[in-house]
Amino acid sequence: MRVLVVEDDAIVGEVLRDLCIELGHEAETAGSAEDALVRVQRDRPDLILLDFRLPGMSVLDFLRLPWVRNAGIPIIVVSGIASDREADECLALGAARFLAKPVPQEQQQRLL
């Protein structure tokens, strides 16, 4: 499976990417929602791990894009600071899951 990790903290992104690779998946990172859009259109991933707080375009705006909504790519939003209302909004906009950071390695392994 190809996983796109969208995370503005390079170290966190590398850790998540490396864990995906250790689990036998292909993975790459993007530092913003805008970068993720380019990568998704260029090389469609099977799953997107999406940090809630990103520079530039908000995650909610990303999830509202018709192209993202119609792509059928499962999106798991991850955040350490989002409110319950924001988590519910992500789910209402089509996110498959909303996880609180830090995501335990066992939970990430089960999801992948």
Side-chain angles (χ1 to χ4, degrees):
M1 173 171 37
R2 287 184 314 210
V3 180
L4 177 61
V5 177
V6 186
E7 170 63 60
D8 62 320
D9 183 318
I11 293 172
V12 173
E14 289 174 17
V15 168
L16 291 171
R17 181 199 64 214
D18 291 349
L19 179 57
C20 291
I21 292 169
E22 286 175 25
L23 295 172
H25 305 289
E26 296 177 34
E28 67 175 316
T29 59
S32 68
E34 292 86 352
D35 188 20
L37 283 173
V38 170
R39 291 170 189 255
V40 165
Q41 292 174 356
R42 182 190 70 216
D43 186 28
R44 188 177 194 271
D46 300 307
L47 175 72
I48 299 173
L49 290 177
L50 183 65
D51 183 31
F52 185 78
R53 296 274 187 237
L54 294 168
M57 180 189 301
S58 78
V59 169
L60 296 174
D61 288 340
F62 179 85
L63 292 171
R64 285 184 185 108
L65 291 171
W67 193 93
V68 173
R69 293 182 65 102
N70 296 328
I73 302 169
I75 299 173
I76 298 173
V77 179
V78 183
S79 177
I81 56 175
S83 68
D84 289 341
R85 184 181 63 73
E86 290 168 322
D88 290 342
E89 191 168 358
C90 286
L91 295 170
L93 289 170
R97 299 283 302 264
F98 190 97
L99 303 175
K101 281 184 184 177
V103 178
Q105 185 174 355
E106 301 79 29
Q107 184 177 18
Q108 187 175 351
Q109 186 174 2
R110 282 192 311 271
L111 287 171
L112 295 174

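Numbering of residues begins at 1 and proceeds along the displayed sequence. Note that the structure is predicted; figures quoted are calculated from it, not measured.
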Peer 1: Between Val40 and Leu60, is there a shared hydrophobic cluster once you connect ILVMFWY residues whose side-chain heavy atoms come closer than 4.5 Å?
Peer 2: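 Result: yes, single cluster for both.
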Peer 1: So which atom in Cys20 and which in Ala27 form the shortest heavy-atom distance, rounded to 0.1 Å?
Peer 2: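 Between these two residues, the closest heavy atoms are CB-CB, 3.7 Å.
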Peer 1: Rounded to the nearest 0.5 Å, what separates atom CE in Met1 from atom CD in Glu26?
Peer 2: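 Reported to 0.5 Å precision, the distance equals 10.5 Å.
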Peer 1: Does Asp61 have any side chain to side chain donor-acceptor pair (under 3.5 Å) partners at least two apart in sequence or in another chain, and if so, which?
Peer 2: Ser58, Arg64
Peer 1: Can you name the closest pair of heavy atoms from Leu91 and Phe98 and give their distance?
Peer 2: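 Nearest pair, atom of Leu91 first, then Phe98: CD2-N, 4.0 Å.
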Peer 1: So Leu37 and Met57, do their side chains get closer than 4.5 Å, heavy atoms only?
Peer 2: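 When only atoms from C-beta onward are counted, Leu37 and Met57 do touch, with a gap below 4.5 Å.
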Peer 1: With a cut-off of 6.0 Å (strictly less than), are more than 12 heavy atoms of other residues, nucleotides or ligands near CZ of Arg42?
Peer 2: yes
Peer 1: With no hydrogens and no angle check, is any side-chain donor or acceptor of Glu7 less than 3.5 Å from a backbone partner on Thr29?
Peer 2: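 Not confirmed, Glu7 side chain does not pair with Thr29 backbone.
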Peer 1: How would you list, by chain and number, every residue that makes a side chain to side chain donor-acceptor pair (under 3.5 Å) with Asp35, sequence neighbours excluded?
Peer 2: Arg39
Peer 1: Between Val6 and Ser32, what is the shortest heavy-atom contact and its length?
Peer 2: CG1-O, 3.6 Å
Peer 1: Give a yes or no on whether Leu93 and Leu65 share a hydrophobic cluster (residues Ile, Leu, Val, Met, Phe, Trp, Tyr; joining criterion: side-chain heavy atoms under 4.5 Å apart).
Peer 2: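 Yes, one cluster joins them.
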Peer 1: Do Ile76 and Ile73 belong to the same hydrophobic cluster, where Ile, Leu, Val, Met, Phe, Trp and Tyr are linked whenever their side-chain heavy atoms lie under 4.5 Å apart, directly or via other members?
Peer 2: no
Peer 1: Kindly compute the distance separating CD1 (Ile21) from CG (Leu16), expressed to the nearest 0.5 Å.
Peer 2: 11.0 Å
Peer 1: For a quick test of reading the model, state the closest non-hydrogen atom pair linking Asp8 to Arg53 and the distance between them.
Peer 2: OD1-O, 3.3 Å
Peer 1: Work out which heavy atom in Pro74 is nearest to a heavy atom in Ala96; give both atom names and the distance.
Peer 2: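 The answer is CB-CB, 4.5 Å.
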Peer 1: Atom CD in Glu28, atom CG in Asp43: separation rounded to 0.5 Å?
Peer 2: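 One gets 6.0 Å once the value is rounded to the nearest 0.5 Å.
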Peer 1: Verify the cluster assignment for Val5 and Val59: are they in a single hydrophobic cluster under the rule of side-chain heavy atoms below 4.5 Å apart?
Peer 2: no
Peer 1: Could you give the distance from CZ (Phe62) to SG (Cys90), rounded to the nearest 0.5 Å?
Peer 2: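 Rounded to the nearest 0.5 Å, the CZ-SG separation comes to 11.5 Å.
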Peer 1: Of the non-hydrogen atoms in Arg69 and Leu63, which two are nearest, and what is the gap between them?
Peer 2: CG-O, 3.0 Å
Peer 1: Do the non-hydrogen side-chain atoms of Glu86 and Glu89 ever get within less than 4.5 Å of each other?
Peer 2: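 With C-beta onward as the side chain, the pair stays apart.
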Peer 1: Kindly work out whether a path of hydrophobic side-chain contacts (I/L/V/M/F/W/Y, heavy atoms less than 4.5 Å apart) joins Leu50 to Phe52.
Peer 2: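 Yes, because Leu50 and Phe52 connect within a single hydrophobic cluster, where side-chain heavy atoms sit under 4.5 Å apart.
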Peer 1: Output the distance between atom CG (Leu49) and atom CZ (Arg17), rounded to the nearest 0.5 Å.
Peer 2: 13.0 Å
